[in-house]
Q: 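Here it is, the structure, as C-alpha cells.
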Number of protein chains: 2
Amino acid sequence: MAKETKISMAVIRRLPKYHRYLGELLRKDIDRISSKELSEKIGFTASQIRQDLNCFGDFGQQGYGYNVKDLYDQIGKILGLDKNYKTVIVGAGNIGQAVANYAKFEKLGFHLQAIFDKNPKLIGIKIRDIEVKDVDCLDTYLKENTIDIGIICVPKEHAQTIADIMIKNGIKGIWNFAPTDLSAPDDVIVENVHLSESLMILSYRLNESELFKE
Amino acid sequence: MAKETKISMAVIRRLPKYHRYLGELLRKDIDRISSKELSEKIGFTASQIRQDLNCFGDFGQQGYGYNVKDLYDQIGKILGLDKNYKTVIVGAGNIGQAVANYAKFEKLGFHLQAIFDKNPKLIGIKIRDIEVKDVDCLDTYLKENTIDIGIICVPKEHAQTIADIMIKNGIKGIWNFAPTDLSAPDDVIVENVHLSESLMILSYRLNESELFKE
DNA sequence: TATTACCTGTTATTATTTTGAAAAGTGTAG
DNA sequence: CTACACTTTTCAAAATAATAACAGGTAATA
C-alpha cells in the first residue's frame, strides 16, 4: 500500500535513474535484484534504495529482493510513463529539432503533434513527417487541439510570450529549454532544462579540483 | 576572505541562477541590490541568498546590499567563467549540432575546436565553420591537441568507448548527453545532461497534480 | 521440516540544508 | 553629530535527507 505522506523531490529525482537501471537489467534477462546489488551498480546506498522504494509501496520481498520487471513497471507507472501525452514544440531551431528527433520520447509516451516557428525559412519544412507551422497559428491550433505538454525551444526573449499562449489554452505542463524562468500558475507544471547551468557546474567542478588553478 | 570549509553542492547548484539574474540586473543598469529584493525576483529566501553568498567571502555591505557588477563578476569567477576551455564534440547528430550552434557557450569561455562523427554522411560537413572529422581520428587529435572538455553526443552504446579515449588522452571534464552513466577516474569531472530524466520528472509532476488521474 | 543465510520494511541516528534571529556595521536625514 | 533605518554577518534552531541498525519474514538447503 502506498504511503500517504508527501514524497520529497529528492526521491523523485532518483526514480528515473532506477527506471533506467532496471530497464538495463530487464534487457539482460535478470529477473530479480536485491537493494545491495542495485546499490553497487547504481551508486546509491542500499539503505537509500530501500527507503526510496518503500515510499510507494511494498515492492520487495524479504529474503528475495525485488522482481525486476515488476519494479520497472511500477516505477514507470509512478512516473506516469504508462500514460500518453500530446506535445507540441515551439521553436524549430537546433534544440527544437534535436528534441523532435529524439526517438526515445515517443517510446516514453510523448507524442509530438505539431511544431511551430516564426522563421519563414523553417515554416513548411518537415521534421519527422511533421510540417513546421507558423507560430502565429499556435493560439488557434491549441484551441482546436487538446495538447498536454508544450516544449519551448525559442530564444529567452520570446519564451514567456509563448508560455502565456500555452497557459491560456489550457496546457498542463511546459518543458522549457529557454534559459529563463517562466512564470506560470501553480497548476501548470514547468520543468526547465538549463544547459548553461549544467555547463557552469562542470566549469566550477573543474576549477574546484584545482586543475585550472594558476 | 573566503571560508575554508567545503562548499556544498546544494549551494553550487544555485550559483548559475544567481549569475543569470545578476546578468539581467546588469543589463538593466541596476547597480545595487539587497538579498531581500533578489529573493523576491529569484524565489529563494533572503536568508538563503545571504548564507550562500557568504560562503565565498564578504561580498555584501551592511546597510547597502550587494554591488551587482561586483557580485556578478565574483560569481562568474567562482564558477570558473573567467577561464577559457578548449572543447571537442563527439557525435554530430541533432544534439551535437544543437550544442555546437549554441552561441552562448563561446561567450562563457568554451571554445569548440573540433567535431567528430562516424557517419560518412556527416564527415566533411561544416558546422560553425568547423569541419566534422572522422571519429577514428579522435585519439590522434587528442594526442596532438590539448583539449579540456569533451562533449559526448553519441548513442549510449558508444558513450563509454568515447569517454575512455578522452580520459586516456588527459581530458579534464566530460559533458555527457548520452543517457548512461560513464565510469571515469576521480580526477575527470563528468557532468550529465539526461534529457529523459527531466522529461520523466515533468511527467511525474503532471500526474502528482492529479490532472491525469483517471 | 528445521536451519541458516538472505533481504526487506521500519525505526533510530546522524548529517546536511534551510530558515530564523540576534549582533553589528553603514549610510542618511535631521 | 546623533539617531535611525537598512542590511549583512554570524550564530542558533528547525526541517530535511541520508545512513545505519534491527526486527521480522522468505527462500534455499540439507
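All chains are named by letter (A, B, ...) in the order of the sequence lines, taking the proteins before the strands, and each is independently numbered beginning at 1. Just so it is clear, the model here is predicted, and its values are computed rather than measured.
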Q: Looking across every strand, which nucleic acid part, if any, lies under 4.0 Å from R13(A) by heavy atom: base, sugar-phosphate, or nothing?
A: nothing
Q: Describe, in one word, how the ring planes of F177(A) and W175(A) are oriented to each other, choosing from parallel (under 30°), tilted (30 to 60°) and perpendicular (over 60°).
A: perpendicular
Q: What is the distance from CD of Q74(A) to C1' of dT8(C), rounded to the nearest Å?
A: 16 Å
Q: If you only use heavy atoms from C-beta on, which nucleotide in dA12(C), dT9(D), dT19(C) is closest to the side chain of D58(B)?
A: dT9(D)
Q: Starting at atom CG of D52(A), determine the distance to atom C1' of dT19(D), rounded to an integer number of angstrom.
A: 12 Å
Q: Given dG20(C), dT19(D), dG9(C), identify the nucleotide with an atom nearest to the side chain of R50(A).
A: dG9(C)
Q: Could you tell me the separation between the NZ atom of K6(B) and the P atom of dT16(C), rounded to a whole number of Å?
A: 10 Å
Q: When you measure from every atom of DNA chain C, which of residues 61-71 of chain A have a heavy atom less than 4.0 Å away?
A: Q61(A), Q62(A), G63(A), Y64(A), G65(A), Y66(A)
Q: Record whether the side chain of S47(A) comes under 3.5 Å of the base of dA18(D) through a donor-acceptor pair of N or O atoms.
A: no
Q: Between Q48(B) (CD) and dA21(C) (P), how many Å, whole number?
A: 16 Å
Q: Would you call the rings of F116(A) and Y141(A) parallel, tilted or perpendicular, where under 30° means parallel and over 60° means perpendicular?
A: perpendicular
Q: Would you say N54(B) places a side-chain N or O within less than 4.0 Å of OP1 or OP2 belonging to dT8(D)?
A: no
Q: Any idea how F56(A) and Y204(B) line up, ring-wise: parallel (<30°), tilted (30 to 60°), or perpendicular (>60°)?
A: perpendicular
Q: Just the rounded figure in Å: distance from P of dT10(D) to CZ of F56(B).
A: 15 Å
Q: Under the side-chain hydrogen bond (donor to acceptor under 3.5 Å, both in side chains) rule, what do Q160(A) and D164(A) come out as? Steps first, then yes or no, please.
A: CA-CA 6 Å; Q160(A) 186 64 56; D164(A) 290 341; 2.9 Å; yes
Q: Please check the phosphate of dT17(C) (OP1 and OP2 only) for any side-chain N or O of S8(B) closer than 4.0 Å.
A: yes
Q: For F44(A) and dA20(D), what is the distance between atoms CZ and C1' respectively, to the nearest whole Å?
A: 18 Å
Q: Can you list, by residue number, the residues of residues 17-39 of chain B that have a non-hydrogen atom closer than 4.0 angstrom to DNA chain C?
A: none
Q: For K143(B), does the NZ atom have more than 12 heavy-atom neighbours from other residues, nucleotides or ligands under 6.0 Å away?
A: yes
Q: More than 12 non-hydrogen atoms from neighbouring residues, nucleotides or ligands closer than 6.0 Å to NZ on K41(B), yes or no?
A: no
Q: Nearest whole Å is fine: how far is dT13(C) P from Q51(A) CD?
A: 15 Å
Q: Starting from P on dC7(C), measure out to CD1 on I49(A) and report it in whole angstrom.
A: 13 Å
Q: Is a side-chain donor-acceptor pair under 3.5 Å present for N67(B) with D31(B)?
A: no
Q: Taking atom NZ of K17(B) as the centre, does the number of heavy atoms from other residues, nucleotides or ligands within less than 6.0 Å exceed 12?
A: yes
Q: T45(A) near the nucleic acid: base, sugar-phosphate alone, or nothing, with a heavy-atom cut-off under 4.0 Å?
A: sugar-phosphate
Q: Indicate, with yes or no, if the rings of H19(B) and Y72(B) have centres closer together than 6.0 Å.
A: yes
Q: So F44(A) and Y18(A), would you call those rings parallel, tilted or perpendicular, with 30° and 60° as cut-offs?
A: perpendicular
